[in-house]
2 protein chains.
Amino acid sequence: MTTLNRPGKPDGHVCGIDTAMEVIGGKWKVLILWALHDQPHRRFGELRRLVPGVTEKVLASHLREMEEDGIVRRVSYDEVPPRVEYSLTEDGTRLNKALEPLGEWGRERAAG
Amino acid sequence: MTTLNRPGKPDGHVCGIDTAMEVIGGKWKVLILWALHDQPHRRFGELRRLVPGVTEKVLASHLREMEEDGIVRRVSYDEVPPRVEYSLTEDGTRLNKALEPLGEWGRERAAG
DNA sequence: GTGGGTGGTTACCCTGTGGTGAGCGAGCAG
DNA sequence: CTGCTCGCTCACCACAGGGTAACCACCCAC
C-alpha cells in the first residue's frame, strides 16, 4: 500500500530500511525528491515536467502522501490562477541526503 | 516489473537512484540483503526464517532476480538433502553499505 | 462567449506483484 | 514402505497501485 492508509500495516519493521522503503515506495517518489533537491520551491506543473511519465493524478497523490509523511511541505497561495509550491522539509532533505550513496551506487553500476 | 524481464524497460533513468530502486524494488529485497549482511553464507531455509512473512516462491524468485542483478551469489552443492548457499557479491556488499544511511534515517524516524 | 492556463478531483479499468497451496526428487531414519 | 527433510517449481488467484480520461472552479485575453 503506497497510496494512503498508513493505519493498516501491522507488519512491524525489521530494520530502519523498510521504514524508509515505505516512504519512498511509490513508483515516482525518489524522482520527485530528486526534482525537489536543487530548488527551494517547485510548482505542480514544474514537477510534472521534471518527472517525465508521471500522470497528474499520481503526482498529486504521491505529493499528498509525502506531505503526510512529513518530507514535503505544501504551500498554497490563494490566487488566480492557483499557485501551489512544494518544497522539502528538513526531514525530506535528510532523506534525500541519505539517498545519495544509493544514487552513486546506481550511477557506478549504470556506467558499468 | 520487478519480477524478471530486464529487457523491457525503455524508460531511461533520470538519475542513479532509480537504477538502484529497480534492483531493490521487490517487496522483500532489502530485508534479504539485511539478512545476508552479517553472515558470509546463508541457506534458503535460514533466509526464510530470517525474513518473516515471505513465502518460498517469492523468496526463490527474489533471490533469482538478485542473482541476475549480480548482487547475490548462489552456490548449490550436489548433496542430499540439497544444500544451497547464498552470499553477497562485492557489488551487493557495496549496495548494502549504500543502504546504511537510509536505514539510519528510518531508525531515527521510527524513534520519533 | 470561448479558449487557455492554473491545480487539482472523480470514476473507472488494467496490469503486475505477490500470496496460496500443491507437488516433486532423492536419499535416509525408523 | 512410510514419512521426513530441503529447495525448489507450477498453476492459479487476489488486490492495490498506477494509468486513462473527463470534469471542476476561477479569471483573463481575445
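Only heavy atoms go into these numbers, but all of them, side chains included; no hydrogens, no water, no symmetry mates. We name chains A, B, ... by the order of the sequence lines, and we start the count at 1 in each one.
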Please round to the nearest 0.5 Å and tell me the distance separating atom CZ of A:Arg107 and atom CG of A:Leu102.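 Going from CZ on A:Arg107 over to CG on A:Leu102, the span is 10.0 Å.
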
Given atom [atom1] of [X] and atom [atom2] of [N], what is their separation to the nearest angstrom?
X	N	atom1	atom2	result
B:Lys27	D:dA16	NZ	P	10 Å
B:His62	D:dG7	NE2	C1'	17 Å
B:Ile32	C:dG18	CD1	C1'	13 Å
A:Glu79	D:dA25	CD	C1'	16 Å
A:Glu85	C:dG8	CD	P	12 Å
A:Glu46	C:dG8	CD	P	13 Å
B:Arg83	C:dG27	CZ	C1'	16 Å
B:Arg42	D:dC6	CZ	P	16 Å

Answer yes or no on whether A:Arg83 is positioned over the face of A:Tyr77, meaning its NZ or CZ is under 6.0 Å from the six-membered ring centre and within 45° of the axis.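 Judged by the rule, A:Arg83 and A:Tyr77 form a cation-pi pair.
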
Which part of the nucleic acid does A:Tyr77 contact within heavy-atom distance under 4.0 Å: base, sugar-phosphate only, or nothing?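 A:Tyr77: no heavy atom of the nucleic acid under 4.0 Å.
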
Name the nucleic acid region contacted by A:Arg74, choosing base, sugar-phosphate or nothing; use a 4.0 angstrom heavy-atom cut-off, strictly under.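 Sugar-phosphate contact only.
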
Think B:Arg43 has a side-chain N or O under 4.0 angstrom from the OP1 or OP2 of D:dG7?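 Looking at the OP1 and OP2 atoms of D:dG7, one of them is under 4.0 Å from a side-chain N or O of B:Arg43.
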
Between B:Arg64 and D:dT9, is there a contact of a side-chain N or O with OP1 or OP2 at under 4.0 Å?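 Answer yes for this pair, as a side-chain N or O of B:Arg64 is under 4.0 Å from OP1 or OP2.
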
Closest nucleotide of DNA chain D for A:Pro81 versus for A:Glu56: which of these residues is on the 5' side?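 This one resolves to A:Glu56.
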
Reading DNA chain D from 5' onward, which residue's closest nucleotide shows up sooner: A:Thr55 or B:Leu63?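 Its nearest nucleotide being more 5', the pick is B:Leu63.
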
Closest to the B:Phe44 side chain, choosing from D:dC26, D:dC8, C:dG8: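 Closest of the options to the side chain of B:Phe44: D:dC8.
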
Counting side-chain heavy atoms from C-beta on, which of C:dG8, D:dT9, C:dG25 comes nearest to B:Pro82?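 Out of C:dG8, D:dT9, C:dG25, the nucleotide with an atom closest to B:Pro82's side chain is C:dG25.
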
In terms of side-chain geometry, is the basic nitrogen of B:Glu85 or B:Arg74 positioned less than 4.0 Å from the acidic oxygen of its partner?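 The answer is no: the pair does not qualify as a salt bridge.
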
Looking at D:dG19, does its base get a donor-acceptor pair with the side chain of A:Lys57 below 3.5 Å?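 Checked by distance alone, the answer is yes.
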
Between A:Gly45 and B:Val80, which residue's closest nucleotide on DNA chain C lies nearer the 5′ terminus?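 The answer here is A:Gly45.
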
How would you list, by chain and number, every residue that makes a side-chain hydrogen bond (donor to acceptor under 3.5 Å, both in side chains) with A:Glu90, sequence neighbours excluded?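 None.
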
Applying side-chain hydrogen bond (donor to acceptor under 3.5 Å, both in side chains) between B:Glu46 and each of B:Arg42, B:Arg49, B:Arg48, B:Arg43, report the one that passes.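 So, applying the side-chain hydrogen bond (donor to acceptor under 3.5 Å, both in side chains) to B:Glu46 and each of B:Arg42, B:Arg49, B:Arg48, B:Arg43, only B:Arg42 qualifies.
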
